[in-house]
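By convention in this document, chain letters (A, B, ...) are assigned in the order of the sequence lines, proteins followed by strands, and residues within each chain are numbered from 1.
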Number of protein chains: 4
Amino acid sequence: MTDKANDRKALEGAAGVLPGVEGLAIGKRRLLEAAVVAVAERGYHGVSVRDLASDTGVQAASFYAHFGSKEELLYELCLLGHREHHRCVRDAILGAGADAREQLRAAIRANIWFHATYPLLTISANSELHALNAEHLATIADLRHDAGTLLTAVVERGNSEGVFDCPEPWLPMSAVGGMCLRVAWWFRPAVAVDEGTLSAYPRQAATWLRPEDYTIERVMDTYADYALKIFGAA
Amino acid sequence: MTDKANDRKALEGAAGVLPGVEGLAIGKRRLLEAAVVAVAERGYHGVSVRDLASDTGVQAASFYAHFGSKEELLYELCLLGHREHHRCVRDAILGAGADAREQLRAAIRANIWFHATYPLLTISANSELHALNAEHLATIADLRHDAGTLLTAVVERGNSEGVFDCPEPWLPMSAVGGMCLRVAWWFRPAVAVDEGTLSAYPRQAATWLRPEDYTIERVMDTYADYALKIFGAA
Amino acid sequence: MTDKANDRKALEGAAGVLPGVEGLAIGKRRLLEAAVVAVAERGYHGVSVRDLASDTGVQAASFYAHFGSKEELLYELCLLGHREHHRCVRDAILGAGADAREQLRAAIRANIWFHATYPLLTISANSELHALNAEHLATIADLRHDAGTLLTAVVERGNSEGVFDCPEPWLPMSAVGGMCLRVAWWFRPAVAVDEGTLSAYPRQAATWLRPEDYTIERVMDTYADYALKIFGAA
Amino acid sequence: MTDKANDRKALEGAAGVLPGVEGLAIGKRRLLEAAVVAVAERGYHGVSVRDLASDTGVQAASFYAHFGSKEELLYELCLLGHREHHRCVRDAILGAGADAREQLRAAIRANIWFHATYPLLTISANSELHALNAEHLATIADLRHDAGTLLTAVVERGNSEGVFDCPEPWLPMSAVGGMCLRVAWWFRPAVAVDEGTLSAYPRQAATWLRPEDYTIERVMDTYADYALKIFGAA
DNA sequence: CATGAATGAGCCTTCATTCAT
DNA sequence: CATGAATGAAGGCTCATTCAT
């Protein structure tokens, strides 16, 4: 393989790590993909604009043709992560029929599917909020709140219909939320393992990887069972 | 309140956020306390040596009378976090009697007690490992491995004695581990709330705080119940 | 004279102190010229990047648009000094005819011409090698070795043809080498004296200056005679 | 050999590099010896007070029990170097009889003996004058001037007696001075080579070392012959 | 004497960002 | 769009020096 091909491979090594970027200009998309890889591994302040430009094969100044500032890039990443995650969970619940247990199961499965498929985005969009400015942080906080209300509604309906048994839903929700969120820190999607592009993923997390044991489906099913137990499903 | 009193208050505002620092020189201890507060909020690369010195009331150069480098400070923080956590869980298991269920319950309770009492240390020691150098990272990785073996032993013994039902323990352990770890991101110890020193804690997490509802005891009990369910306790 | 004119004068005060810099970008060239002046006077470690930037009229950060590091600047200076010196001596020998005595005389004359015309470069490129990294030092050492072989060849040929009388050439070569090298520490080119830009030259050396007495030609001739005597020329 | 013995060896590794330090307090003497080694290799600004303290086995603060400042240490080194050198050459001339040729020969021999026996002191006391403050520099400049007058007198007397032929003595003196001074950069005393303490000497110079070929005596004789030729001795 | 901790200035270098080309 | 050069601020760290112990 020529050097040039090698370079191209490197630049495209992060393709697929982000959902919902098909419509974006290629330059902007590559910067976002490089960013989610680097930020998930080293944190927002551990990544420089020069790093991202270098990973994308351009000069640092070109960064500003696509983003007004470094913070704005992070904001777009957080926005993307929260929006796609919300859409994913919402669609799952709405398509799950009327039984609250089935709705909960669908929500947990979708939640895990997202975290396991886009772990770098999950990490970045949840761990680096401190670096957003006040206005952007407020917008993201609103998104998080909205996402919570939907699942709360499912649980409350399940309670009132008698299929769940958790009069005070906040504690079980925190447990299930933490359990599902954490998947992003140890699961790596099969595509990363199969195609050998695992290098795009933080090395630290790689030590936790168990690709030979668990498919996404398996984790989704198992965790959904745990969640139903925690909510005291009938 | 005079300015001087105000300053002293500020410098001591972080007292109590770290376990096992009683024997340390006061200057070193204050730097560690300032660091765990700042790092938990903004990440390792978001905190400068000048920040820490300023929070401690000394010049940046004085930092190097206590630590060989900024990375070494992080290493000491990670070491402290992992060692104290391990000691805490180990002592709980060893003092819990012979029943595997009681051992598991004690382990989960201790785990949560630690994360809820020292959330900033938990966050720092678990989220910033990427900033350690290779040698230090290896040492911490060893510590993490050792910590895992103890709980694994409890679960396997519970399985062979028929009081647990989880032939493949890795998945439930990941779920319970994630659930308990995440407590550090939303729970804030009562002392922080009562004494108004909440400012020492990351603002972002404050939005999740539910101090009026849950004591540490309550969370420990509830999560232990969840864990026993997940492990299929008889 | 206006301040502006004064500033421009200051910035250009070092023009002419370096050979072979015509093709370089102006910013890089000025930094090299400022560096050779400052390093010859105060030594590599006595000169800061801020000093050089200030002498050149730019910010310290701009230095790194032209050089990867301070050490790299020194390396370029050493490379320049050794290459130009070697070229100078080599061309003189090759253009001197077949008589070994004429070749030696030409070599000594060229050697002194270079040291007297570019004394600051000679000092910098010969006195600060300790500050080069291992790789760069090795490269320069190779250059020095190559430069020595040419003169050795002249002496050996003179010996075998019976026009020189020094069976063990190393000792006379060390004497002549030291004698010629040292010229850079006391001779200052006439241009420096006439145009009053002597301030570009180290003050210490200025106490040795004898510009009213000796032209470069005079020193070249006299030292060449000394050298021929030392080598026992027929 | 025990570690302790090893350390002591290291601390004493520089013994003998300085003349005239027998009467000094041991702490001060060791600092001077460590300094001449380090300064000759890396230059005044390349050596820190901490370096010297560390080489001597004490803390940096202890340095100030012996010297008022770092500059004062350099001054003492320069003073030592120039005084001992002057005494050495003067005694040689005065003990050489009435013949100007014998006086010159003795002066050159003494000069080289000093540079070859204390090369690190020669380098330090001649290359780092720029780092002295104005007052100290003036004192040293006076010393240098005095040293020159003695040799000038010898040459002038030789001229008027008809045994030398150099009506304008400055140029031959510059040549001989440079030739002799430079010995300090390539000759290393046999003691250093024999006892394996060569590590106390700058590495760069070591590449020039020819210990197997030349004794000090040999260099003294040979260079004295060169000098007599240069001065046109009858 | 020796020390550990402290200091303010300064070190080399990188930061995010701008702008003329 | 992309770039190379520039900028002022800030980064981690070392400097020579001081001082109470």
**Side-chain heavy-atom pair A/Leu77, A/Leu18 within 4.5 angstrom cut-off** = yes

**Length of the OH-P vector between D/Tyr64 and F/dC15, whole Å** = 11 Å

**Asked** Which of these nucleotides, F/dT17, E/dT13, E/dA16, is closest to any side-chain atom of D/Val49?
**Response** F/dT17

**Request:** In whole angstrom, give the distance that lies between atom CG of C/Asp51 and atom C1' of E/dC11.
**Result:** 11 Å

**Prompt:** Less than 4.5 Å apart, any side-chain heavy atom of B/Tyr64 and any of B/Val49?
**Reply:** yes

**Asked** If we only count heavy atoms from C-beta on, is the D/Val21 to D/Leu80 side-chain gap below 4.5 Å?
**Response** yes

**Asked** Any side-chain heavy-atom pair from D/Leu73 and D/Phe63 closer than 4.5 angstrom?
**Response** yes

**Request:** Could you check how far NE2 of C/His45 sits from P of E/dC12, rounded to whole Å?
**Result:** 9 Å

**Asked** Nearest-Å distance, CD (B/Glu72) to C1' (F/dG12)?
**Response** 14 Å

**Prompt:** Do the non-hydrogen side-chain atoms of B/Glu128 and B/His45 ever get within less than 4.5 Å of each other?
**Reply:** no

**Distance in angstrom units between A/Leu73 CG and E/dT17 P, rounded** = 11 Å

**Prompt:** So, C/Glu76 and C/Lys28, do they make that salt bridge, N to O below 4.0 Å?
**Reply:** yes

**Request:** Kindly indicate whether a cation-pi arrangement holds for A/Lys70 with A/Tyr44, taking the cut-offs as under 6.0 Å to the six-membered ring centre and within 45° of the axis.
**Result:** yes

**Message:** Check C/Arg42 with C/Asp51, please: is the shortest side-chain N to carboxylate O separation under 4.0 Å?
**Reply:** yes

**Prompt:** D/Ser48 side chain: which of E/dC12, F/dC15, F/dT18 is closest?
**Reply:** F/dC15

Please produce a list of atom pairs where a protein N or O lies less than 3.5 Å from an N or O of nucleotides 2-6 of chain E.
{"unit_1": "E/dA2", "atom_1": "OP2", "unit_2": "D/His66", "atom_2": "NE2", "d": "3.3"}
{"unit_1": "E/dT3", "atom_1": "OP2", "unit_2": "D/Gln59", "atom_2": "N", "d": "3.0"}
{"unit_1": "E/dT3", "atom_1": "OP2", "unit_2": "D/Ser62", "atom_2": "OG", "d": "2.9"}
{"unit_1": "E/dG4", "atom_1": "OP2", "unit_2": "D/Gln59", "atom_2": "NE2", "d": "3.0"}
{"unit_1": "E/dA6", "atom_1": "OP2", "unit_2": "B/His66", "atom_2": "NE2", "d": "2.6"}

**Item:** Atom-pair distance (CZ on A/Arg29; P on F/dC1), nearest Å
**Value:** 16 Å

**Message:** Tell me the interatomic distance from A/Lys70, atom NZ, to E/dC15, atom P, rounded to whole angstroms.
**Reply:** 9 Å

**Asked** Within this structure, what is the CG-to-C1' distance between D/Leu52 and F/dC15, rounded to whole angstrom?
**Response** 13 Å

**Request:** In sequence, state the C-alpha distance, the side-chain angles, and the governing distance for B/Leu137 and B/Tyr75, and then conclude on side-chain contact (heavy atoms from CB on, under 4.5 Å).
**Result:** CA-CA 8 Å; B/Leu137 181 57; B/Tyr75 177 55; over 6 Å; no

**Complete:** Given Watson-Crick and G-U pairs under 3.5 Å, DNA chain F in dot-bracket ([ ] crossing, | other strand) is .||||||||||||||||||||

